[in-house]
Each structure stands twice: as C-alpha cells, then as structure tokens.
Amino acid sequence: MQAILNVAFPIFGVILAGYLAGRWRILGGEATAALNAFVSYFALPVLFFGTLARTPVQAVLDPALLGGFGLAVLATFVVGMITTRLVSRGGLAAMSLQGIASSWGNVGYMGVPLCLAAFGEAGLPPAMLSVIVTAVISMVFGVMLIELEVAAGHGPIRTFFRAAFNVARNPLPLSIGFGIVASWIGLPVPAPVEKWIDLLGAAAAPCALFAIGLFLSDKSIKSGLAEAGLATLIKLLLQPLLAALILPAFVDIRSVPGQVALLMAALPTAANAFVLAKQFDLSVEQNTAAVLLSTAFSVITVSALLVWLRVS
C-alpha cells in the first residue's frame with residue numbers, strides 16, 4: 001500500500017487533475033499545445049541536460065542496461081507488427097504504427113516523473129537511457145518502415161536518414177546528447193546557471209503529468225478496439241514480462257537501473273503513437289484508442305509493479 005499511496009497515487013492524481021481541467025475547459029482550448037510545448041522544449045530538456053551534465057558518463061551509458069531494455073522494446077515492436085498483419089492484413093505502414101503503439105512507452109512524460117518519485121535522483125540516469133533506447137528503436141526504426149511504404153521510391157538510405165534526423169532534432173534526445181557531452185568534457189556549471197536549471201527542471205515532472213491528462217481529455221474511443229486492445233496487452237503485460245525475463249541476463253534486477261528498466265517497460269503507450277498516426281493519416285483511431293486504453297489500465301498494472309518491487 002505504501003507504493004500505491006506514496007508513488008502511484010500522486011503520479012496518476014496529477015494526470016487526473018489535467019484530465020479534469022481539460023474536460024471542464026478550465027484552461028481554454030490552447031492549453032494542451034502550450035503546456036506540451038513548455039514541457040517538450042523547456043522543462044524536460046533542462047532537467048535532462050542538468051542531471052546528465054552533473055552525472056558521470058559511465059553511470060548513464062550502461063551497455064548492459066541498453067542491451068537488455070533494447071531487446072525487450074524491439075521484441076514487442078515485432079510482436080505488435082505481427083498482430084496487425086494477422087488481425088487486419090495491414091500493410092507495412094499500418095504494421096509499423098501498431099509496433100510503435102505496442103512498444104513505445106510514455107518514458108518521457110510519465111516515466112521520468114515516476115522514476116524520480118520512486119527512486120529519487122538515482123533513478124534519472126537509467127530513465128534517460130531508456131528514453132534514448134525507446135526513441136531510437138520505436139521512432140527511427142518505426143518511422144523508417146512507415147516511410148518505406150508511404151514515401152515509396154525515396155530509397156531506404158534516404159528514408160533512414162530522414163527518420164534519424166527527426167529524432168536528432170527532437171529536444172529530448174538532443175538535450176540528453178548535450179548533457180552527456182557536457183559530462184564527458186567536464187563542463188563546469190556556474191552556481192547561478194545551476195540554480196536556474198534546478199528551478200526550471202523542477203517544473204518538468206508535474207507539468208508533464210498534467211499535460212498527459214490534458215491530452216487525453218479531448219480524445220475518445222470510436223473504433224479500432226481490436227488492434228488497440230492487442231497493443232495494450234502487449235505494452236502493459238508482454239513488454240514488462242519480457243523485460244523481467246531478459247534483464248537479469250544483463251543487470252541486477254533488484255538494482256536501481258534494473259528496477260527503472262522494469263518500470264519503463266510497464267508504462268502505457270506514448271502519445272507519440274497518436275501523433276505519428278495523425279501525421280501519416282493512418283490507423284488514427286487504433287492508435288488513439290491504444291493511448292487511452294493503455295493509460296487507463298496502467299493505473300492498475302504500474303501500481304501492481306510498484307508493489308511487487310516494494311518501492312515506497
């Protein structure tokens with residue numbers, strides 16, 4: 001009960017507050033876009049950079065954790081693709097979007113605040129490594145496969161670099177990269193800058209969670225429940241199960257990095273799945289439903305995992 005009351009309840013409580021604010025139109029119609037922009041371009045990047053710039057590189061770039069978590073994400077991506085092929089006979093683009101919905105957890109907006117609440121500052125470096133792994137596998141690989149069908153004729157090399165560029169210009173991976181470089185070269189952070197980083201970074205967790213609620217408040221489930229249900233099962237049950245089986249071969253599952261990786265694997269589908277579906281105008285209903293369903297059921301599954309891990 002301590003895990004639920006001390007960690008899960010505050011996290012999902014802030015999401016619920018954002019959802020109610022959106023449903024009741026308290027903040028106006030532009031609130032979701034404005035808060036998302038603040039979180040994506042200011043609060044989270046500053047938190048990522050500030051934490052990593054003050055953390056030894058070897059504590060972040062853990063090859064064992066990268067390999068174990070990456071295998072779990074990649075496996076669920078492939079399983080998600082196969083389910084779409086079997087259920088709806090979808091093409092490569094639809095299969096890739098299902099793979100993204102099945103493997104891309106909400107590691108940035110939900111995962112980082114959750115790990116911060118559960119493990120304190122020690123949970124941030126492995127959480128950020130999970131952000132990198134998820135972005136590379138689900139975004140670069142996923143978008144590349146979508147582009148191969150949607151933009152047929154451009155060639156696989158050009159398609160790959162286009163997808164890689166989309167990740168590279170994203171402020172979250174970009175801030176992680178700059179933070180690692182700053183740590184590697186030993187860049188000193190002046191006291192006033194450090195205070196500014198701490199002040200702005202402190203807004204990242206609550207604002208990110210509130211933004212999730214705002215995003216969900218104007219979405220509804222109309223169709224695509226079969227594929228969305230499969231994506232939810234794969235994301236919330238299969239990915240953490242695979243992580244629990246794979247990670248012990250790479251890291252100590254009872255260590256903070258091991259527990260962070262397990263939590264990250266158990267997170268619901270990220271809103272990026274909906275954003276990409278909307279961008280390519282493919283499987284929009286299925287991906288919307290996957291985000292909503294997985295977020296709703298993650299209240300139970302994430303809470304259960306926190307209890308199992310004895311996080312208090």
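Note that the numbering runs from 1 along the sequence shown for the chain.
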Looking only at non-hydrogen atoms, find the nearest pair between [X] and [Y] and report the distance.
X: Leu47; Y: Met128; value: O-CE, 4.1 Å
X: Leu35; Y: Cys207; value: CD2-O, 3.7 Å
X: Ser40; Y: Pro171; value: O-CG, 3.1 Å
X: Ala243; Y: Ala265; value: CB-CB, 3.8 Å
X: Ala266; Y: Val302; value: O-CG2, 3.7 Å
X: Ser103; Y: Thr134; value: O-CG2, 4.5 Å

Connected-component partners of Leu237 among ILVMFWY, side-chain separation under 4.5 Å: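 So far as hydrophobic clustering goes, Leu237 is joined with Leu233.
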Establish whether [X] and [Y] are linked, either directly or via other cluster members, by ILVMFWY side-chain heavy-atom contacts under 4.5 Å.
X: Tyr41; Y: Phe215; value: yes
X: Leu187; Y: Val189; value: yes
X: Val131; Y: Val57; value: yes
X: Trp196; Y: Leu44; value: yes
X: Val291; Y: Val275; value: yes

- request: Would you check, one step at a time, whether the test side-chain contact (heavy atoms from CB on, under 4.5 Å) holds for Val73 with Gln239?
  value: CA-CA 7 Å; Val73 174; Gln239 192 173 93; 4.2 Å; yes
Between [Y] and [X], is there a side-chain heavy-atom distance shorter than 4.5 Å?
X: Thr55; Y: Glu121; result: no
X: Ser298; Y: Leu267; result: no
X: Ile11; Y: Pro113; result: yes
X: Met264; Y: Cys115; result: yes
X: Pro268; Y: Lys235; result: no
X: Leu306; Y: Leu114; result: yes
X: Leu276; Y: Leu97; result: yes
X: Arg54; Y: Ile197; result: yes

Side chain [X], main chain [Y], donor-acceptor under 3.5 Å:
X: Thr232; Y: Leu293; value: no
X: Ser130; Y: Ala261; value: no
X: Gln98; Y: Glu227; value: yes

[atom2] on [Y] to [atom1] on [X], rounded to 0.5 Å:
X: Leu309; Y: Leu262; atom1: CG; atom2: CG; result: 6.0 Å
X: Ser183; Y: Phe49; atom1: OG; atom2: CZ; result: 10.0 Å
X: Leu27; Y: Leu214; atom1: CG; atom2: CG; result: 6.0 Å
X: Ile180; Y: Ile132; atom1: CD1; atom2: CD1; result: 4.5 Å
X: Leu230; Y: Thr83; atom1: CG; atom2: OG1; result: 5.0 Å
X: Leu305; Y: Thr301; atom1: CG; atom2: OG1; result: 8.0 Å

Stepwise side-chain contact (heavy atoms from CB on, under 4.5 Å) check, Ser96 with Leu92: CA-CA 6 Å; Ser96 301; Leu92 185 59; 4.3 Å; yes
- request: Please list, chain by chain and in numerical order, all residues satisfying salt bridge (charged side-chain N to carboxylate O under 4.0 Å, His left out) with Arg25, sequence neighbours excluded.
  value: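 Listed in chain order: nothing, the list is empty.
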task: Under the salt bridge (charged side-chain N to carboxylate O under 4.0 Å, His left out) rule, collect the residues that match up with Asp218, sequence neighbours excluded.
output: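 Here no residue qualifies.
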query: Can you list every pair that meets ring-ring contact (aromatic ring centres under 6.0 Å, His included) and has a residue in residues 57-109, with sequence neighbours left out?
result: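 Pairs touching residues 57-109 that pass the test: Phe77-Phe141.
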- prompt: Can you pull the ring-ring contact (aromatic ring centres under 6.0 Å, His included) pairs that have at least one residue in residues 15-34, sequence neighbours excluded?
  reply: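 Qualifying pairs: none.
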- prompt: What's the verdict on side-chain contact (heavy atoms from CB on, under 4.5 Å) for Ile82 and Val79, showing C-alpha distance, side-chain angles and the deciding distance?
  reply: CA-CA 5 Å; Ile82 293 172; Val79 171; 5.5 Å; no
- request: Show the numbers, then the answer: is there a side-chain contact (heavy atoms from CB on, under 4.5 Å) between Leu61 and Leu66?
  value: CA-CA 8 Å; Leu61 297 180; Leu66 189 151; 5.7 Å; no
- request: Answer yes or no: are there more than 12 heavy-atom neighbours, outside Phe38 itself, under 6.0 Å from its atom CZ?
  value: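 Enclosed: over 12 neighbouring heavy atoms sit under 6.0 Å from CZ of Phe38.
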task: Scan residues 247-264 for pairs that pass side-chain hydrogen bond (donor to acceptor under 3.5 Å, both in side chains), counting only residues two or more places apart or in two chains.
output: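 Not a single pair qualifies under side-chain hydrogen bond (donor to acceptor under 3.5 Å, both in side chains).
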